[in-house]
Structure formats: structure tokens, C-alpha cells
Visitor: 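Please see the structure below; I have some questions.
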Amino acid sequence: MAEVAAPQGPVATGETLLSVRDLGKTFDVSAPFLNRVLQGQPRVHLTAVDDVSFDIPRGSTFSLVGESGCGKSTVARLVVGLYRPSQGRVEFEGTDLARIQTRRQMAPLRRKWAMIFQDPYASLNPRWRVADIVAEPIRYHGLLSGGQAIRTRVGELLELVGLSALDGEKYPHEFSGGQRQRISIARALASEPDFIVCDEPTSALDVSVQAQILNLMKRLQRELGLTYLFISHDLAVVYHISDYVGVMYLGRLVEWSDARLLFSNPRHPYTRMLLDAIPDLEMSGRARTPVGGEVPSPIAPPAGCHFNPRCPFADERCRSETPMALKVGVGEVRCHAVEEGRLPEPESA
Amino acid sequence: MIAFIVRRLLQSLVVMLVVALLAFSMFRFIGDPVNQMVGVDTTEEVRENLRERLGLNDPVSVQFGRFVVNAAQLDFGISYQHKKEVSNLLAERAPATLELAFLSAIFALIVGVPMGVYTGLHRDSWLSKVFLTVSLVGISLPTFLIGILMIFIFSVWLGWLPSFGRGEVVDLGFWSTGLLTVSGWQAAIMPSITLGLFQMTLIMRLVRAEMLEVLRTDYVKFARARGLPNRAVHFGHALKNTLVPVITITGLQLGSIIAFAIITETVFQWPGMGLMFLQAIQTVDIPIMAAYLILIAFIFVVINLIVDILYYVVDPRLRIDRATAAGH
Amino acid sequence: MSVVSSLPGRRGADMLRRAWDSDIAYSFRQSKVTMVAAAVTLVYFVFALFAPWIAPHDPYDLSSVSLMDSFMPPVWEEGGDPRFLLGSDDQGRGILSTIIYGSRISLAVGFASVIFAAVLGVTLGLIAGYAGGAVDAFIMRVAEVQLSFPAILIALLIDGVARGVLGNEAQGDIAYFVIILSIGLSFWVQYARTVRGSCMVEKNKEYVQAARVIGVRPALVVFRHVLPNVLGPVLVIATITLALAIITEATLSFLGVGVPPTSPSLGTMIRIGNDFLFSGEWWITIFPGVALAVLVLAVNLLGDWLRDALNPKLR
Amino acid sequence: MNETTTFADSAGATARPRGNRPVLEVEKLRVEFPTRKGTLRAVDDISFHIDEGEVLGVVGESGAGKSMTGTAIIGLLEPPGRIAGGEVRLEGERIDNLPYEKMRRYRGARIGMVFQDPLTSLNPLYTVGFHLTETIRTHSDLSEKQARQRALDLLSEVGIPAPERRIDQYPHQFSGGMRQRVVVALALCANPRLIIADEPTTALDVSIQAQIIRLLQRLCREHGASVMLITHDMGVIAETADRVAVMYAGRIAEVGPVQEVVKNAQHPYTEGLMGAIPTIGGTHEDLVQIKGSMPRLTQIPSGCAFHPRCPKAFDRCRRERPELMPAGRSEAACWLHDPAEKGRRRGNG
Amino acid sequence: GTGAKAETFRWAFQGDAQSLDPHILNETFTIGFHSNIYEGLIRRDEDLKIQPALATSWEMMEPTRWRFHLREGVTFHNGNEFNADDVIFSFQRILKEGSDMGSKLAPGTEVVKVDDYTVDFITENPNPILHYEWADVFIMDKEWAEKNSATQPSDVAKGEENYAAFNANGTGPFKVQSRETDVKTVLVPNEDWWDEPKHNLTEVVFTPISSDATRVAALLSGEIDMMYPVPVQDLRRVDSNAGTSTMTGPELRTIFLGMDQMRDELLYSNVEGENPFKDQRVREAFYRAIDINAIKQKIMRGQSDPSALMISPFLFERADEFERLAYDPDKAKELLAEAGYPDGFQLQMDCPNNRYVNDEAICQAVVAMLAKVGVQVDLNAQPKAQYFAKALAYDVSFYLLGWTPSSLDSYNVLANLIMCLDREKTPIQAKFNYGGYCNPKVDELANEVLVETDQEARNDKIEEAFRTLHEDRGYIPLHQQYLAWGKRDNIDLVQRPDNQFMLYRVNVN
Ligand SMILES: Nc1ncnc2c1ncn2[C@@H]1O[C@H](COP(=O)(O)OP(=O)(O)OP(=O)(O)O)[C@@H](O)[C@H]1O
Ligand SMILES: Nc1ncnc2c1ncn2[C@@H]1O[C@H](COP(=O)(O)OP(=O)(O)OP(=O)(O)O)[C@@H](O)[C@H]1O
Ligand SMILES: [Mg+2]
Ligand SMILES: [Mg+2]
């Protein structure tokens, strides 16, 4: 299975736009000082992202999937510079973001990326006119000067995402969820970025609207050559939009690979479990092995492989030793069982 | 829990220190304390001598330290006006004010909470509207006006209730109470209603707002969906959840009650601390002002502590971010 | 409609219509009580603003006040004088004129202190909410200290301090500043707490993060994005504290530590009139009392309505 | 953590006890909200039934009126919402006009309900045990002690490990999945004949979602209860339901056996909906996209509410409102299936 | 009620006696309150005639030596004997730090014990009215004071309370049973009083009620038996109420306006470089601007006697020879113009607001009246404590004050208010002449009055002094306010024009 033909497409051709290396982020979630002193509680750190590495070639879509709290959004924020990494680094077009100290130096980079958020209701400032919202990056980065120029550009952007230029006069609450998400996209495109981080952009939308947005995003990617980091917990959506998919569990990237490959031939038991859990629209009558249990607390994750308590294949080693990333095809997987080859082959879907 | 209480205590200590600093600055920097103590014809020599003896020539930090130490021992010096130890003065007056505040708070609670629950449950009934309107009027009439009108009606016109004072007071050693005599209770009726009215309307509106909010929550809906009787839904689930903010606000309001007692005490000639404080303001009797300041802060801190502990008892989630709860 | 709206001339009309159609305007039109309250408040405003043109006399112009005109009952009572519609007070000032001028003081003091409190509270609240951490803790501790002293007490204290520091000068013009300062100081905590709460909610909203991704400076984020979105509750608090401030000013004046009696506010009038309740000159205290209660009631009603109208949960 | 085995047997179960007698019959149900802009019809003359032991899935986009239907059936519409017409019959007994007290006794005892968000469905101030015993004792005359025993049984039945310890804990000490189990237990306390589950899994992670769905399925079968499963996840319906009703703008667009609706949609809306759902293993082609979005209830178009978005709309759709009519093995509210129309069009064509 | 049963008498005043220490404050109410507990060598009867009290008789041995024979067999409330040592102790005590009574004894006076019941006073100068003010010099028990370290009225620096401020041990008709400052003081009759009690009380409860309305209400509702002052506007109401009535009569106090005439520039005025009050025309303009009858009619409701003199006509038999300057605003304006202030000027007026009957209202009226002649006055009305602190610091430009000569003699007025202020002297000469009016001729006359023993000649001199003051317009006398007491009809009491309340003349019927 590993020797699937190298997938064609951006991977082979494009240069790497974003490179994430050994990225880690810990939050201090300790009890207040006094509690620690009086009750002898230790300092507590929550490792939201742990040793995550991946590359995104220009013009492709890299998706992160995983259950709630596994660190997807944290990765996204690290990538766009909302958080500083606790370890590792993020390189954008070869520039290490950690090296940049001042806001001023960061500014030219910032306009090269943008972000789209999950909640279409919270991601637009309700007190601003749509035109102002979309124009904010233009104004802030000083991309255009003159009210008329900006207005024209905003009109273009709105039309690009399938709205009317006249909609700029309105306020966000006058739009439906799908339309708002289009406005978000228009804003994201305003600074003509190369790279857009999409944090669950469709999970608050209805399927019919989701389809519109997904189609729009794909169209924009084709037309503008955009690169996406796409975050979702809906595997079907991810499958649909991605070139590469990474699966996260408790802060770690347990497996990443070419999208089709990953779905047709999942390696990691967790990936398999996720795929199994998806309700099957095809109603193939396939017998599935539901995995019990819930995601443990990220504050005290299980030792060794974080997945071991829920994993049917876990053994002693899994419980004690953290698996290292293992190169498999284009992607990587972190699993002792895969490494040892003691994993049964999944029946292919 | 211990850590929580210790933290609260530490914070209280900080609050008290800040207040003490305020009080001390008042004491030290408003006018020359020596001027307040001696007559105009006192010579500079005598003044200097006095200054030295009072320690006013020491470094300010030393003076503050002394002030705090003294205050901690309840020694606030001698009132300029009464020529009497402030702590004794306050101790004499405190029972009156505290009893008044206590009665008002009780009144506010036992009338305000049921009215709030009623108006919350029966949002659109005419009685609710009456309650709400009346409560608005209650908020809009200044306390002193209410007091004056009450005296006018119940003492002068109808002659039912005494218009001033505490009635007969029984001395229990350190505490003198008016709650053991009929005349004491009679005398307390109008002042405590006057004082409690504002808080009552506040509590009523708060309970109502909270009830409306809680009745909208999923767990109330779910409780109904489980077929629980209204009583259980309204009181077991809804009311209990409103208690958390109600306790908080009531606690905070107790502080206000004591402060508003100043007005009520003035109108009804209630012999409490507020009356004395007002007189102290007019005569710039700094020691009394300073001590009252510290006392009020202390009461507030204690109430807060109790509120926090109650909070702890009521809410198993041990959420201690009161700021958000008190926000609405 | 949007085509029309791009024409500058029609834009104003369009906005008006939008405002008229908005939920707030609708709920306003639905509530008769609120409309009456608004009308009453408006009348007070007009009176306050145009007092010199509206009031029959200028009660502050002492040379026009004659002691011999004092204690005139209202016109409809026996012995009433048509010059004094609502009667006159112990100095011969017309009650009506004095009420009009007094409301002016009450409203001015109320507004000034509310604005002072709002600016202070909103600023501190935004700082605390956005910065978090130690700054937040510090501001909130200060707020806690402040909270232990309710409005009236703070006002009295500041007044007392001012008397001590400024001596009797505090009686003059400074009296107004002292009152505004003291009432304002005692109300900022409410603003700060609410704004801090909203700010902490808003700053985690995605539109704020969107601005941060663009790289907008924190100060600008707070000012341009967060501030406009926390103003709703601020408006509600402002209305409610306006009513409170007016009462507080009246109370202070009643306690004799407010504005000087030569330019009486409603509270001072009530205090003065209070002495004449038993002697039958009820109009000296009752009319200003009613005027005060009606003003405060109207403002409170507005505040009440505003609170409900701006609360999305109640819609 | 041993649910894995507990539920292994429930997977793939297809045979259900089936009676012919409908447990629930809804006829021409209409729910209205008076608003400032006129009366808003959230549920518009819908009719359907649920047979004994049957699971009826209800799908539709947000705001289609799914929850309103459920809430109206259990009689918990919040004013100003009200039932403006139609009938609801539970085992033949009309329940939409019962006095409050009588209906209250039915709630929980004869109809149970599960809400979407397990985080907010439980009162944070009470223990899980209190919730259970309170409900049990409301609907039976068990003693405190017996009720507690029953509560313990229920907890272990829904797969809460160590119920003895857990029963006295507060909701916040439970994870999301655990809480939803408790909620299910609460709904089943008094063995109701019908369970209305309003998006019981939407707030949960995929892996937990599968667990809860299976739990619900199993328990209803064991208790012999019928289920009205409201969701907007077609996948969940496909896995769980026997029949499915598709709602659009307050009306039922199509109702039929689940296989039929999924694979052989008769209504253009259903068809579009199915096409809009991305599937794993499908192509990366653009998704089928229904243009526009569901109308606001205040601006429902005349005739068939779907006609502005419908690629197959014709004149009649704009004028006349179609009722449900037989279409294949299902029923659909679409003029395309009107025999007269078929004839006419055939004739025309 | 019937005679035999316990008669509790409840009464109220607007404030409390500031202390129980009889020497700490020279203030009418406090002294009046003390006079029911403590006694002086002499006392005044209801017509203010001097009566023997703790002294049974006295004589002037020489112009500078007076002998007082003390009453024997008198005991203090604690049972201690009263004797000459107590008298000497008390007269020494009033000169100590913290005493406000020092002025009752001329400087340099020696108090000499002759025997246990005889005391001589040796003065530096002859003084025909030496003992006139001694009804207010209360005699304390020396032993008691020493035992409780209360030999000094106050010692602020010690930071201790003065025992005598909260406990009383006099020889008077009543004993203090309990006291809560500002709340309640209960007195009971002194069974061992040397004099025949003329009351039927078994208990006296005193409550201060500062709010006028509340105090009136308390009387009307029968909660108290007697109270004063009754606000003038409420007199009618109290009278018309069944069961209550008022007692009014002119008080000895004269209310007047003072002006700063000593500074070269006023402290509180917009006039720079000169002091308008130094100009007699300005003072007269002020005088004439004030419509005293309007004040009487509207503010005092008739409860005042306009006065042309700085002393009550009761206390100076030739008072009727004086007449007030007529109210004449036009003349006032002319005078101001002549003086160089055609457009008037601005100044600040200090006024107490809780000291005299309607004090603040009077000041407001004065301000309004002056406004009519072009003088703009900022009114600074303040509680008496602040007011007196300010006035005693001579920090006023224009002020309202009231004065009762405690010796009931004109010399007291001259010496305290009219002679030239001399702050260098100890005690200060004319201490209460806050405006520093000064005319050496008056000083000379006053000094003669002090030693003049011939009544007619003395009156001539007094008349001349007052005439000079009047011509100078040194003060603007306003009126004598009326006493206004309210009581229940079943109470029998006597009202003294000096506003002292003699509990031992109260009967409850
Ligand atoms: N600012 C923060 N402080 C402390 N903990 C945080 C913070 N942000 C995130 N976390 C924790 O880090 C972990 C990862 O969070 P993250 O938001 O990245 O998850 P996610 O995969 O995006 O989840 P979801 O699907 O719910 O959005 C979670 O356990 C979360 O509680
Ligand atoms: N209180 C209300 N007042 C007015 N309209 C309401 C009210 N509650 C609900 N509605 C309207 O009723 C319609 C149906 O709502 P319902 O909650 O049944 O939708 P739903 O299909 O359950 O959607 P979702 O998938 O979002 O839960 C919605 O369009 C909503 O706008
Ligand atoms: Mg996330
Ligand atoms: Mg719903």
C-alpha cells in the first residue's frame, strides 16, 4: 500500500509556502499561586500543540482534522502569529516568524496571509458596514489610497465572492450565515494574500450553504492560486477540499498524508477510528468497530502514545514510549504498531 | 476552599490597607490636625509642642504604621467635636445602625424575593405590572422624601407610629437593642421600610430578571420536558439558580444600606452611626470620618467574605469569578 | 433600496427610515409608557436648556426677588398671585421658576457626573478587560475598594474632604465640581465592571481576532472594534445612573452638603420646603418633590425600556 | 472504559420490533409566532406519523421548523409561540389541547425529550442523582431509596462506569459525552412511548456522536419506544432512522423510507441536499449547489416555497402550493409528482 | 395625670449639650442644660433677678474685694460636702486649658479662702457687676474631680477622655441617671437638694432632635411633652393642634450684622486696594438697604422685635431713645454712589445655618435686599461649628451674629462686641468683635462704665457709647428674636427670656 504512485499536483511542482517544524505550544493553566502554595498543587501546563511538523506547498490545501480540543485552532493561530510558539518554528516563504520582533517588520508579511473563522455571526463586527469591514485590511496596510479606489476595490471583492457591490452599504446582520461567510472571505482576500487559514469555515452552516462556500473556496483557489490551511472536524468536507490531510489527537499530529491516500488507506488506529465513526450515507451495511471512551484531558495526557487507552492495538510500548514520526509515502505517521507492522490492514472502503 | 478563603482574606487585607491609607491621608493632610484640637489663641510654641507629642513630626510612613496599628486595635483617637474616643462613640452608635440595616435587609429580602419570583413567573399578569410600576416609583422617590411623607402620614396624621428615635432600648452590655420592646419595634417600622424600599425594589427587579433568564435556559426547558411539576421547576430549578447573583447583589447592597442609613437616620433621628457621621462631615470631625470609613470598609469586606463563602455553598461549580455574575 | 441609498441626498432619509424600522424604534413605538417618559424627559431638557426664556422669573437674579412676595400659595388657592403660578418660597422666588432652574442644575450635575463616570469607567473597563492579568486584577481591586463605599457615602466623604482642604470656598462654584466629582467617582465601577465583562467576551470574538490577524494595534482594536460593541450596556447604565445621580445630588443638597441655597437645585428646594410642611406651605416642598420624582421616574422608565430593548435575550 | 464491548453487539442491528399502530400522529399541525411584522408561521400544516418502535428522522436546514415541531408535540412552545391549528395524537389520544397539568403528567412519562446541548440541559446546582430521582419520583410512587436504586440502574444502563460514585457528582464533573448519557437516562426514566431527540449529537465529537446514537437506538429498542430524531446530519439519519421527513421552510418537502430518500430523492430540494453533501471517496468535483438560501419565514414565496431556488420550477410552482403526494415509494410535496401535471407535461413534451 | 404617680417629662431640643463638663463650653443651651445639674454661687429667677444659690449672701468689702458666704449643709450628688475648697477649685478650673469660661473672671482676680464657708474675691480693678455672670460658673466637687483626674476641662494631647464630660456630680436639683451623647439623657430628681423643689417630676428624659420637622411631629404626636425651638412657621400649627400650645416671648439675644472695618482691603470682595466698610456711608447704605419689617413679617412671622440697639430693651432701660435708620434703598444707592461705588461691589457673607432662628433665611433675604442696591453678595451659609471657627479666626468680611450679654448688662456688650479688638491682650479684648469696629471714644466710655457705680451716670455713659456706635453705623442691629417653646397643655413651666430651661419649675398636670 505504501507504494502508491506519487500523487501529481501541487506537491510535485510548487515550492513550500509554509513550513511548520517541531511546533509546540503550552499554556500555563496552573491554579493561582496561593492554591499551589497552600494545597501543594504543582504548576500545570497544558500542551495544546506538541511537536507538530508539516509543509504546505504553494497552491495546495492542507487540512487538519481531529476532535474538539486537539489543538487545531491553536496551530492556526500559531501560523498567523496570534500566538508565539513555545517551541519549534513557523517559516513563511522561508522567513522564520519568530525572528521578527516588531510589528512594523511583521506588517508586510501579515498582508500575505489572512484568516477565515468559524462563526459567521461573530466574525464580522456588527457595528461596521460591510464595506468598511472588507476595506479594513486595505486601509490598514495602506494598499490603496483614496476613498473611491477603495470603494471600487471593495465592490470588486464583494462581486468576486458572489455578492453585490451595493451590499457594502449594509450591516452584517442583514445577511444570512452563508452570505456573511462570503463577506469574511472577501475581507480575507482584500490584502491579496497568498495564504488563507480557514478555521472551520463551514461548520456553522447548513449543508446546502456549505456546498456553496466550499465551491467558492475551490474556485478562488483555482483562480487566485491560493494556499489553504483548512481546519475542520468533518472528514467528508476535508476529503472533498484537501490535497493533504493531517489528523491531530491531543496536540500531536498523529498522521498526515495525501488526502486520498489517507482516506483510502488510513494507517493510524485513530484515523481509522475517526473514519469508522462517520455515519455512512451510502449505507453499505459495513460492520464498524466503534471505539469507546472519550478524549482524555490534555492537561494530563496518557503517557507514551496519547491514544493508547482507546486503541485496540495498544501494547506495553505504546503505553510508555512516545512514537516518532515515521515517513510513509508522502506523509508521516506516529504509531508504534505501524512501525512494527503489527497493524491489521484496514478493509478498503 | 482554604486557599480560596485565604486569598479572599489577603485581598480583604489589601482592601483594608488601601482604605486605611485613605483614612490616614484624610487624617493627616486635611487641614492641620493640631488646628482642630486647640483654640485659635493657642501660641505657636504650644502647637509645636503638641505636634511633637502627637508624633506629627515623624516620617509619614512611621505615622501611617502607627495609624494602622492603632486602627487595628480600634483606636481612632479622640473626636474633635465630642472630645470622646471615636471607637467608643462608634460602639455606642453601631447597634442602632446595624439593627436598622439588618431589619431593612430582611424586609427587602422577604418582600423583594417573592415579588421578584412572582413577576418573573407571571411576566404579563396585571399584578406583575403593578409591582413593576410601584417598584419603579420606589426607585424614583428619593429616600428622604419617602421618609418625610411617611412621618407626615403615619405619625402626624394618623398618629400610629413614633416619628423619631429608637423607642425603648434594652441594654445587653455591649449591645443595646430595640428589638426587645414593643416601642422599639414600633419605632423601627418606618425607618427600616424607608431604608429597605430601595433595596427591595432592586432585589425584586434583580430576581425577576434572573428568573426570566433562568426560565429560558435549557435545563429548565428540560425539567419541564421531564414532566416535573411547576413547583419543582420554578423553585427547585429556577429560583435556586437565581440565588447566586441575588446573594452577591444583596451582599453588596448591605453596604449601601448602611450608607443610606445616613439619610434615614437623619430623617428619623435614628441614633446611629450615620447621623453621627453626617454631623462629623459638617464639622469636619476627621477622626470620626476616618473611623467610619474604615468601619464601613470592614463591614463590606466581611459581608463580601460571607457572600463568597455562601457562593461557594450554593454553587458546586465553585466559580469564583463574581465580576461576571454581578455584571448584569 | 440599496440603489437609492447610494444617492447622497436620499441617504439621510434612508437612514431615518432604517432607524424608524429598527427593533428599538419599534419597541419604543409599542410602549406608550416609554413614549410618555421620553416626552417628559424631553420637556425637562427643553426647560433646562431654555430656562431663561421659559421661566417666568429668574430666581437667581436676587435683585428681582422680593421678600414681600414670599409664601404666596399657588394661584388656585386663596391668596394666590398670578405672577407665581405654583406659589413662591420663603424668599419670594417663584416655585415654578425655581423648579425650572433647579431642574437645570439637577440635569446638568446629573449629566456631568454620568459622563465623568462613564468616561472613567469605560476606559478602565476596556483596559482591564483587554489587558487582563495583573492590570485587570489591580483595576478590579480598586473597583472593589470603591464599591465598599456607596455613592452617597463617597459624595459625603469627598465633600467633607473638600471642606477640609478648600475650607469654606467649597461653598461657591467649586461646590458643583465637588458634587460632580463625588457622584461621578462613585458610579464608575458599574461601567468598568460591565465594560470589562463585555470586553472580555468581545475580545475573544472572531472579528477582533480578524483585526489582530491583520495586525491592527491593540489600542486601535480596542477603540475601533471593541468599544462600539460594548456601548449598548453602557448606554443603559448611563440612563440608570443618570436617574441615580439626580437623586444623589438631591439627597446631598437635602443633607445640606450640595449646591448652595442661593441657586437651589430640586433637592435644596425640598430641604427648604421641608421646614414648611407642617405650617401649611406645602407647595414649597411638594412641587419640587413631584418635579424631582417625575424627572427621575421618566429617566428610570427610559432606562428600563432601554435595558429590555437592548437585551437580545428578551426579544 | 468498557463500553466498547457493551455496544459491540448493537452495531448493525436492523430488525426492530414493529407494530402497525402509530404511536404519534400529527395532522395539519401549524405553529405560529405573532411578531411585529405579522404572524410568522414556523410550522405550516404538517402531517406525519410515527409507528410503534419506529425511528423517524427529521432533517432540514436551520430554521426549517424541526425543533418547533418537536416542541409543539410535547407542548412546550414558549409564548408567544402557539399551536394555531391541527392535531397531535399520542396513541390515539389527542394531546395538543390537554390542560397544562394533564399534559405535564404525560411529559417524561409518555413522551420524553432530549435536547441538543448536554452542557446546558442539566442544572449545574444539582447532582446527577438528584435529577434522576426527582424525575423518577415525579412519575412513580417509589420511595427515595427505591428511586435511587433505579437511578443507579439507569446510570449503568446508559453505560456510566462506577455509577455508585458518579451518582452524587455534579454535572460539571462529567464530560460532554457522559452528560448526554445522563440526559438520555433522564428521558428514559419513566419508560415513555415516544422520545423526541432534538439534535442529540450535534454538540458532540464524531466519536462520541456514534456512541450516543447507538445508545439511543439500543435503549429505545429495549424499552420499546418510538423515536423522532431531529437532526440536520443526513449521515446520522441514514444510519439510524427507518423513515425520514425532509423539512423546508416550515413544511415537509418529502417523507419516505430512508433508503429511498437518500438514494432516490423525489423532491428537487432533497435531491439538491443530497448532492450538496460531500462524501468520502467521491470525486473532488464541485458539489451540487442549490442557489440562494432558505427564505426567512417572514418572506415565504408564494406557491411552493422552494420554487425560487428550484432548477425544475415551472409556472404552477409559483402559484399553487403543493401538498404531500405519493412519489415513488415516498411522498413529496412537489407538483412534478402530480399525476395531472405528469400527464400534462408528458403531453406537452 | 394625677399627682401621686410617676411623672416622666420628655423634652427635646435641636441639639445636645456638647458635654457634661460645666466649664468646657460657654454656649446657651449647654449651660442651660447644666444649670439643672450644677449650680453657681448665684442663680437667676424667672425674671432674671439674681438669687442666692450656693452663696447665701455676699458683700463688697472694698471696691476690689468681694466676700461670699457659702451655703452650709449642701452635698454633691455623690454625697460629698460642698465647701470653700470646691469654689476655689472651680474658679481655678475655669481658667485652665480647654475651658471656655475664663472670661467670667477678670484677669488677676484672686480667690481666697476665708473659712470653710467664706470666700473672698480680690480684683485688680473695681467691678460693680462682678458676680452678674456667675450664675453660669458652676461649682464642681474638688475631690471628685481629682479622683477622676478631671481637674482640667480637656487635654487634647493626652488622647484621653475627660471623665467629667460624661459624668456629672453637681449640687443641682437633678442628677444624671444615664447619658448617651446625642441620643438620650435621663435625669432624676436630687432628693437631697437644699432648695424646695417646685416640680412634680420623677424622671426627665431629654432627646436631641435636630430635624425641625421631626421635632414638631414628635410634639404633635405626643411623643414628647415639650420642645424648643418651635420653627416660627409652625407656631400656628402647634397652637391649633389639640393638646399642644406654644409659649413665645422676646429673647435677650440681639441678632445683628457685622462688617470688617479693620483691614485695608477686604478678604472676600472684588474691591481692591481699599475697604469699602471703612467708609461710614457704605455702612449706612447697607443699614438702609435692609427691610427689617419684611424680615419680621415674612421670615420671623412676627416673632421678632426689630432693634436699633445691640442690646435687648429689657436690659437697657433707655433703649427707647434709639431708633433704627429707616429702610430706604434709594438713599442707600445714593450713599454707595457718593462713596464711590455707584455700581455696587461684590463681597462674601458668612452666616451660620443652624444657630439662630431662621438664620440662613435671614441672610438670604439680606443678600437679596443688598442685590437691589447693587451689592452682590455670595452667601456662605455653614453649620455653626464651622462658622464660629471661621469667625473666631477673624476670617470674615460681612457676617451675621447674635449676642446675649450673659451678665445681662450693657457692659458685656460693649466689652465683647464694641470695644476695639485687641488680639495681643490675654484674654483678647473684645474677642467677638469679628469685624474690628474701633472707636477709642467708645473704649474710653466702656472703661468708665466698668467702674462707675452710680446707676444714672453709668446709664449716661452707656447711652453715649451706644449713640456713638449708632452714628458710626458700626454694626447693623436687626432684631431680638422670640423664644418659641412648644409644650403639651398639661405641662406647667416658666419661660425665661434668656432661653434657659428650669426643670425644677416644671409640673405635669
Ligand atoms: N488561551 C488558552 N489558554 C489555555 N488553554 C488553551 C488556550 N487556547 C486553547 N487552549 C487549550 O488548548 C487545547 C487545544 O485547543 P484548540 O482550540 O486548539 O482546539 P481545537 O482543536 O481547535 O478544538 P475545537 O474543535 O473545539 O475548535 C484545548 O484543550 C484548549 O482548552
Ligand atoms: N420565539 C420566536 N419568535 C419568532 N420566531 C421564532 C421563535 N422561535 C423560533 N422562531 C422561528 O421559527 C422557525 C423554526 O425554528 P426551529 O427552531 O424549529 O428551527 P430548526 O429547524 O430546529 O432549526 P435548527 O436546525 O437551527 O435547530 C425559525 O425560522 C425561527 O426563526
Ligand atoms: Mg477550534
Ligand atoms: Mg432546532
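The figures here come from the full heavy-atom set of this structure, side chains too, leaving out hydrogens, waters and symmetry mates. Each chain gets a letter, A, B and so on, in the order its sequence line appears, and its residues count up from 1.
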Visitor: Does a side-chain heavy-atom distance below 4.5 Å link Phe254(C) with Thr143(B)?
Guide: no
Visitor: Measuring from Asp304(C):CG to Leu136(B):CG, what's the distance to the nearest 0.5 Å?
Guide: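 The CG atom of Asp304(C) sits 4.5 Å away from the CG atom of Leu136(B).
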Visitor: Can you tell me which portion of Val137(B) sits under 4.5 Å from chain C's heavy atoms? Options are side chain, backbone, both or neither.
Guide: both
Visitor: Of the backbone (N, CA, C, O) and the side chain (C-beta and beyond), which part of Ala243(C) lies under 4.5 Å from a heavy atom of chain B, both, or neither?
Guide: neither
Visitor: Against chain C, label Val267(B) side chain, backbone, both or neither, depending on which of its atoms sit under 4.5 Å from a heavy atom there.
Guide: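 For Val267(B), the side chain is the part near chain C, not the backbone.
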Visitor: Flag the one option from Tyr292(B), Phe277(B), Phe300(B) with the top tally of heavy-atom pairs under 4.5 Å to chain C.
Guide: Phe300(B)
Visitor: Of the backbone (N, CA, C, O) and the side chain (C-beta and beyond), which part of Phe198(B) lies under 4.5 Å from a heavy atom of chain C, both, or neither?
Guide: side chain
Visitor: In Å and rounded to the nearest 0.5 Å, what is the CD1 to CD1 distance from Ile148(B) to Ile286(C)?
Guide: 9.0 Å
Visitor: Looking at every non-hydrogen atom in both residues, tell me the closest pair between Ile247(C) and Leu141(B) and how far apart they are.
Guide: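 Answer, listing the atom of Ile247(C) first, then Leu141(B): CD1-C, 4.4 Å.
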Visitor: Could you look at Ile303(B) and say if it's the side chain, the backbone, both or neither that has a heavy atom under 4.5 Å from chain C?
Guide: neither
Visitor: Report the distance from atom CD1 of Ile139(B) to atom CG of Asn300(C), rounding to the nearest 0.5 Å.
Guide: 5.5 Å
Visitor: Which heavy atom of Leu292(C) sits nearest a heavy atom of Pro142(B), and at what distance?
Guide: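 Heavy-atom minimum between the residues: CD2-CG, 3.3 Å.
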Visitor: Ser140(B) pairs by side chain to side chain contact (heavy atoms under 4.5 Å, CB included) with which of Leu301(C), Leu297(C), Ile246(C)?
Guide: Leu297(C)
Visitor: When rounded to the nearest 0.5 angstrom, what distance separates CD1 in Ile263(B) from CG in Leu252(C)?
Guide: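 Rounded to the nearest 0.5 Å, the CD1-CG separation comes to 8.0 Å.
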